[in-house]
Amino acid sequence: MAYTVEKKSEVLYSATITAEPENLTKEIEDIANRIRKTAKLPGFRPGKAPISVIKRHYSDMIKEELVRQ
């Protein structure tokens with residue numbers, strides 16, 4: 001993942017982040033697996049929900065985690 005930061009003015013900056021799709025897919029899977037361990041969803045025992053359900057229900061949390069990394 002590469003990034004650049006451009007200074008527009010004294011208080012304004014612009015950031016550009018470039019990432020490889022393969023790396024993002026792996027990161028998303030890792031984050032979803034971490035969430036899966038403690039996720040409590042109706043119809044599933046804790047930690048036993050399928051990854052596809054975790055991704056659907058926790059998509060916002062996964063996106064936030066990707067941005068923080």
Side-chain angles (χ1 to χ4, degrees):
M1 186 172 347
Y3 66 92
T4 59
V5 178
E6 180 181 338
K7 187 173 182 178
K8 300 276 186 175
S9 69
E10 290 297 317
V11 295
L12 183 64
Y13 290 84
S14 173
T16 304
I17 301 171
T18 307
E20 299 295 323
E22 301 86 30
N23 294 344
L24 287 179
T25 303
K26 183 181 178 329
E27 289 295 323
I28 289 170
E29 291 294 323
D30 291 345
I31 294 167
N33 280 322
R34 275 188 270 141
I35 293 171
R36 180 184 187 191
K37 292 177 184 176
T38 58
K40 295 180 183 177
L41 294 170
F44 298 100
R45 290 181 290 153
K48 300 297 181 183
I51 291 294
S52 61
V53 175
I54 297 293
K55 287 179 182 178
R56 191 171 354 123
H57 283 279
Y58 292 98
S59 63
D60 292 337
M61 185 184 292
I62 291 171
K63 289 175 189 174
E64 287 177 20
E65 189 74 24
L66 275 174
V67 170
R68 275 191 248 142
Q69 291 180 359

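- Remark: K55 engages E29 in a side-chain hydrogen bond (donor to acceptor under 3.5 Å, both in side chains) (not counting sequence neighbours).
- Both I17 and V5 sit in one connected hydrophobic cluster of ILVMFWY residues. Membership requires side-chain heavy atoms under 4.5 Å apart, directly or through other members.
- Salt bridge annotation for K26-D30: present, with a cationic side-chain nitrogen under 4.0 angstrom from a carboxylate oxygen.
- Between the CG atom of N33 and the CD1 atom of I51 there is a distance of 4.0 Å, given to the nearest 0.5 Å.
- For E27, the salt bridge (charged side-chain N to carboxylate O under 4.0 Å, His left out) criterion is met by no residue, not counting sequence neighbours.
- Annotation: the span from S14 atom OG to K8 atom NZ amounts to 4.5 Å, rounded to 0.5 Å.
- In this structure, CZ in F44 is found 10.0 Å from CZ in R36, a value given to the nearest 0.5 Å.
- Contact of the T18 side chain with the T4 side chain is not registered, since no non-hydrogen atoms from C-beta on lie closer than 4.5 Å.
- Expressed to the nearest 0.5 Å, how far CG of L24 lies from CG of L66 amounts to 6.5 Å.
- For P46, the side-chain contact (heavy atoms from CB on, under 4.5 Å) test picks out K40, with sequence neighbours left out.
- With sequence neighbours excluded, the residues forming a side-chain contact (heavy atoms from CB on, under 4.5 Å) with R68 are E64, E65, listed by chain and number.
- Residues satisfying the salt bridge (charged side-chain N to carboxylate O under 4.0 Å, His left out) test with K63, not counting sequence neighbours, are none.
- Listed by chain and number, the residues in a salt bridge (charged side-chain N to carboxylate O under 4.0 Å, His left out) with K7 amount to none (sequence neighbours excluded).
- Residues A49 and I54 come closest through the heavy atom pair CB-CD1, 3.8 Å.
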